[in-house]
Protein chains: 2
Amino acid sequence: MKQRGERVDAIYAGLRLAILEQVLQPGTKLPEDTIGEQFGASRTVVRRALELLASEELVDIRPNRGATVAKPSLEEARDLFSVRQDVEHLVIRRLCGRLTPAQVKRLEAQIEAEERAHREGRPEYIRHAAEFHLVLAEMTGSPLLARYMRQLVGRSALILGLYGRPRWTDCSVQEHRDLVACLVTGDWARLEPLMHDHLEAVLSRAIDTAAHDKDRGIRDLLAPYAEAARSA
Amino acid sequence: MKQRGERVDAIYAGLRLAILEQVLQPGTKLPEDTIGEQFGASRTVVRRALELLASEELVDIRPNRGATVAKPSLEEARDLFSVRQDVEHLVIRRLCGRLTPAQVKRLEAQIEAEERAHREGRPEYIRHAAEFHLVLAEMTGSPLLARYMRQLVGRSALILGLYGRPRWTDCSVQEHRDLVACLVTGDWARLEPLMHDHLEAVLSRAIDTAAHDKDRGIRDLLAPYAEAARSA
DNA sequence: GCGGCAAAAATCGTATACAATTTCAGAGAC
DNA sequence: GTCTCTGAAATTGTATACGATTTTTGCCGC
């Protein structure tokens with residue numbers, strides 16, 4: 001028997017990817033039996049994987065009612081994005097003007113991969129774009145910051161899948177290039193608003209339009225009742 | 001049978017407290033059987049509790065070798081403290097000049113409890129002092145920031161227990177009062193260095209003296225060998 | 001048809017069983 | 001005395017069993 005927690009990791013990674021790629025959509029039930037059957041593992045292992053995902057808030061476990069893919073509210077989304085803004089700010093403050101040549105090369109390679117996928121229409125470009133931010137965090141040399149960023153990026157992806165518009169990363173590639181350029185030259189004055197606007201464009205715009213749509217939706221739903229009340 | 005994860009929480013909370021109060025010291029082995037016996041629960045439940053603690057990095061789980069109370073290295077300690085500095089900075093930036101009267105009252109009560117415990121020589125004053133920072137984070141209204149702070153504060157306590165000097169919170173009470181005063185008046189210029197120095201005094205000083213001691217320890221250990229080499 | 005209710009099915013929470021791995025103690029070689 | 005090796009004990013990782021809870025189903029009165 002494979003002893004180590006290798007199995008847990010496999011299921012964890014599989015589910016995580018499925019969630020982030022929106023194969024498993026928010027709200028989907030995740031019964032332990034079914035998943036275990038799929039992966040050829042017992043509930044014990046599946047349970048552990050689900051608990052790991054819950055600790056990243058990618059799945060929601062409610063006592064006695066099982067796990068579902070997390071479905072963050074707009075409020076939670078806004079909280080997440082505001083914290084992410086702050087943490088990304090910390091990251092670039094630590095990196096600005098301090099990148100080694102090797103790091104710059106790594107970042108350029110990352111952007112390269114992103115651009116290629118984007119040009120060829122492959123959907124991985126989203127993952128590459130997200131990874132860019134994770135790589136930045138890792139370059140701070142702070143395991144904690146990297147850990148936080150990993151969670152933040154993961155949850156951001158989930159939320160964008162929920163509320164976002166399809167065209168949410170149109171100009172990501174160029175913006176990432178600009179970010180690296182400023183990081184290299186240490187141009188903090190330009191870097192700071194660049195990152196802020198970049199994230200704002202990708203994240204907040206998505207949920208703001210979602211919020212607008214939601215309001216409109218409610219208004220539409222209420223319209224008939226209002227009319228009835230008026231004519232009564 | 002009690003169905004809900006209530007049992008897990010009980011064991012989790014119990015172990016967490018024991019670790020933070022240094023009843024269980026870093027490095028201590030935490031066998032699932034023994035703990036289960038103590039709490040009257042099966043390994044399944046204990047395991048889950050240990051995994052929760054591991055996700056906060058209060059215990060260290062190594063595959064097939066069981067769990068031990070975490071024993072962060074000096075490097076990890078420095079990383080933690082630098083991130084904590086940054087996160088505390090985010091917290092006060094969000095709160096400065098925005099506290100409601102109710103919040104101020106809550107903070108004063110917290111400091112009151114801390115002072116009383118301190119004056120009466122009860123060791124809970126450490127917990128109260130730590131809680132002060134957690135309460136601040138919760139007041140931002142950001143569940144994420146609060147979560148991060150909870151982890152950071154917990155791990156800080158663990159590390160201080162490991163490396164800290166006993167007199168580490170001598171002036172905590174007064175400093176906390178000053179912090180609240182600045183938060184109320186919105187005196188950012190004074191607040192920012194106040195918080196920074198407060199944390200620096202409590203956290204970094206502890207590990208810096210530890211690092212110094214450690215170097216001295218190594219030198220002492222090497223002294224005989226050096227002497228032998230010299231006389232050879 | 002259609003809400004309400006009871007029984008069945010599905011699913012979860014915990015305990016226990018067993019195999020795999022690690023740890024430890026003691027015997028034997030040197 | 002110290003080192004190494006071997007087998008037993010301790011401990012973990014996973015599977016399975018079973019009671020408890022939730023969800024679904026099917027039946028009934030209306």
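Quick note: numbers below take in every heavy atom, side chains included, and nothing from hydrogens, waters or symmetry partners. Numbered from 1 within each chain, the chains take letters A, B, ... in sequence-line order.
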> Taking only the side-chain heavy atoms of A:Ser42 (C-beta and beyond), determine which of D:dT14, D:dT23, D:dT12 contains the nearest atom.
D:dT14
> Between C:dT16, D:dT11, D:dT14, spot the one nearest the side chain of B:Lys29, thanks.
D:dT11
> Measure from the side-chain heavy atoms of A:Arg47 and tell me the nearest of D:dG13, C:dT14, D:dA15.
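Closest nucleotide among those given: C:dT14.
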> Under 4.0 Å from OP1 or OP2 of D:dT23: is there any side-chain N or O of A:Arg65 that close?
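So the side-chain polar atoms of A:Arg65 do come within 4.0 Å of the phosphate oxygens OP1 or OP2 of D:dT23, strictly under.
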> Using whole Å, report how far CG of A:Asp33 lies from P of D:dA17.
13 Å
> Measure the distance from CD1 on A:Ile61 to P on C:dT11 and round it to the nearest whole Å.
16 Å
> May I have the distance from A:Asn64 (atom CG) to C:dC12 (atom C1'), rounded to whole angstrom?
6 Å
> Nearest of C:dT22, C:dA15, D:dT21 to any side-chain atom of B:Ala41?
C:dA15
> Give the rounded distance in Å between these two atoms: CD of B:Glu32 and P of C:dT21.
17 Å
> Among the candidates C:dT22, C:dT14, D:dT11, find the nucleotide nearest to the side-chain atoms of B:Thr44.
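Taking heavy atoms from C-beta onward, the closest nucleotide is C:dT14.
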> Tell me: CZ of A:Arg48 to P of D:dT12, nearest whole Å?
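Answer to the nearest Å: 14 Å.
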> Nearest of C:dT14, D:dG13, D:dA15 to any side-chain atom of B:Arg43?
D:dG13
> Could you state the atom-to-atom distance from CD1 of A:Ile35 to P of C:dT11 in whole Å?
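Nearest whole value for this atom pair: 11 Å.
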> Can you give me every donor-acceptor pair (side chain of residues 52-60 of chain B, partner residue at least two apart or in another chain, under 3.5 Å) with its distance?
| from | atom 1 | to | atom 2 | distance (Å) |
| --- | --- | --- | --- | --- |
| B:Ser55 | OG | B:Leu52 | O | 2.7 |
| B:Glu56 | OE1 | B:Arg16 | NE | 3.2 |
| B:Glu56 | OE1 | B:Arg16 | NH2 | 3.1 |
| B:Glu56 | OE2 | B:Tyr12 | OH | 2.1 |

> Checking the side chain of B:Gln103 only, and the main-chain atoms of B:Thr100 only, is there a donor and an acceptor separated by less than 3.5 Å?
yes
> Would you confirm whether A:Glu108, through its side chain, and A:Lys105, through its main-chain N or O, come within 3.5 Å as a donor-acceptor pair?
no
> Can you give the donor-acceptor pairs under 3.5 Å from side chains of residues 129-139 of chain A to other protein atoms, not counting sequence neighbours?
| from | atom 1 | to | atom 2 | distance (Å) |
| --- | --- | --- | --- | --- |
| A:Glu131 | OE1 | A:Gln110 | NE2 | 3.3 |
| A:His133 | ND1 | A:Glu88 | OE1 | 3.2 |
| A:His133 | ND1 | A:Glu88 | OE2 | 2.9 |
| A:His133 | NE2 | A:His176 | NE2 | 3.4 |
| A:His133 | NE2 | A:His198 | NE2 | 3.3 |

> Which nucleotide wins on minimum distance to the side chain of B:Val45, given the candidates C:dT14, D:dT12, D:dA15?
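The nucleotide sitting nearest to the side chain is C:dT14.
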> Check the distance between C:dT16's C1' and B:Glu37's CD and give it to me in whole angstrom.
15 Å
> Given 3.5 Å as the limit, does a donor-acceptor pair link the side chain of A:Arg98 with the main chain of A:Arg94, or not?
yes
> Would you kindly give the CZ-to-P distance between A:Arg62 and D:dT23, to the nearest whole Å?
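Result: 8 Å.
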> Look at A:Arg7 and D:dA15 and indicate whether a side-chain polar atom (N or O) is within less than 4.0 Å of OP1 or OP2.
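Checking A:Arg7 against D:dA15: at least one side-chain N or O falls below 4.0 Å of OP1 or OP2.
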